[in-house]
Amino acid sequence: MIRLTNVCKDYPTRVGMRRVLDSINVTVQPGEHLGILGRNGAGKSTLVRLISGAEAPTLGTIERNMAVSWPLAFSGGFQGSLTGADNVRFICRIYGVDYQPRFEFVKDFSELGIYLNEPVATYSSGMRARLAFAISMTIDFDCYLIDEVMAVGDQRFRERCRVELFEKRRDKAMLIVSHSHRYLKNVCDRFLLIEGGRLEDHNDFDEVYFRYKQLIGEGFESREDMVAAMDASTPEAQLRRERKRLRRLAANAGE
Amino acid sequence: MHSNSSQPPTGALVHHSPWEINRRVISALFLREMLTRYGRNNIGFLWLFVEPMLFTLVVVGIRSVTRSIYEGTIPMVAFAVTGWPSAMLWRNMPSRCMGALKSNRSLLHHRQVRIVDIYITRILLEQMATTTSFIVVSLILFAAGWLMPPEDVLKVIGGWLLLGWFGAGLALILGPLSERYEFVAHFWRPTMYIFLPLSGVAFVVDALPHSLQSIAMWFPMLNAIEYLRDGWFGSLFHAHYDIGYVVTFNLCLTFAGLSLVRQVGLGPSEE
């Protein structure tokens, strides 16, 4: 369980301290999947950093009775002059786990081949993301922090990440920051909306997404409109529309 | 679909005692830092010895020409070899620790890595690098027949440790301060160049005029170098030092440093 009690976080600005998170309370139970929504700069990543322990709260307490991951696919921790293998070795060392089986796994999953022995500085951003995700999967956590992870890699890699994370580790707790509604809706069972430093706890996706859309100024007239629009944007719906258009074209050509 | 036959065994996150975790984290950081700095080819490591060697030779050269300070009773090689590495010892640690957190901040996402670990790693690495170079240079000069072995090895070690402690304390203060105030790093360089000659690299206290001696004794690193030199060639000059003062000074530095390290963890971070 992770419990945040009256947590505040201030950041200094030119016009004095700004309170990004204002006495928020939230509890994450084992196995729960939480989606975090909010405008840019609302404090989503700050919340993730507080929970990961990379930053201390200004006020309040954070209890962790679970092993919490670093933000997934997070590649900021790589030392550019070290090789991919060196970085795997480093992670294994600080977590006190065997290197060899994990290195095999990373080699297998990241498909970086000989590049694992080259400095990370020479990697493309896609390669770096693949390495980062693969390394994240070598340590077992009770709770995974996922900050816009699925935006990386090609289709095939994304699919493999999905299997690794949401199928093999579906029983683990997850905190997911994403702007992708399809992704959140499919994966999460609880949602947090951050607005004005406050946290809104929602259990219904359509409800929270309606609120979120209102906040970012793309509001729908009603929830029904929004659900219809979202359904219309699914791949299936797009395919239906495309078929219809082609049929119409064919019919016109036939005339 | 891709097969994952090599999936590592689960339940990997072993819970150890705090001491065990600290030890593991620091050794991992240490190896990482060493690879980053010296690389895989050992030529980078060589400069560690070449630089103090060169300095020692230059000082010996100049002194054998001028031969003015202290009527030439002090063996010049021993004087130089105890001067430059000693100054490097307390000078390099703060330099390495300034901005260390900024470049390693992302490591704090790993729960077991604490800010103080980052500083300890850099201090240890610097300590070991300078110590190694001190020993190697001394051995080379000894083998060449230019340097007499120390009269009292324990005193030499004691002086060296006191200097290292002083450097570590200074690093723990300047590291966090440089994180919070940008000017600290800019001021450090000129300040250091003022303090470097005052720290006894190029003189012994006894050679100073009496009026200056009491002022010079306020510098803790000067006390420590005098102690170290007393151990090496104490029978040839009159050493001035107050070990109690150095220890007290170091204790205060360490205490202030550790509390600053704590504070910097509570402050905001940029990423």
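Chain letters run A, B, ... following the sequence lines, proteins first, then strands; residues in each count from 1.
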How many angstroms lie between CZ in Phe90(A) and CG in Leu35(B), if you round to the nearest 0.5 Å? 11.5 Å
If you compare all heavy atoms of His109(B) against all heavy atoms of Ser52(A), which two are closest, and at what distance to 0.1 Å? ND1-OG, 2.9 Å
Closest non-hydrogen contact found for Ile94(A) with His110(B) is CD1-CG, 3.7 Å
Selection residues 56-70 of chain A - residue pairs positive for salt bridge (Lys or Arg N to Asp or Glu O under 4.0 Å), sequence neighbours left out: Arg3(A)-Glu63(A)
With side-chain contact (heavy atoms from CB on, under 4.5 Å) as the test, would you mind laying out the steps for Trp70(A) and Val113(B) before giving the verdict? CA-CA 12 Å; Trp70(A) 62 85; Val113(B) 180; over 6 Å; no
Looking at Glu167(A), I want to see if its CD is surrounded by more than 12 non-hydrogen atoms of other residues, nucleotides or ligands under 6.0 Å. yes
Atom of Arg93(A), atom of Arg24(B) and distance for their closest heavy-atom approach: O-CG, 3.1 Å
Quick check for you: among Thr36(B), Ile115(B), Val25(B), Leu108(B), which has the greatest number of heavy-atom pairs under 4.5 Å with chain A? Thr36(B)
Whether over 12 other heavy atoms sit under 6.0 Å from Tyr99(A) OH: yes
Could you tell me whether Tyr123(A) atom OH has more than 12 heavy atoms of other residues or ligands within 6.0 Å of it? yes
Holding to ring-ring contact (aromatic ring centres under 6.0 Å, His included), I want the full list of residues that pass it with Tyr193(B), two or more places apart in sequence or in another chain. none
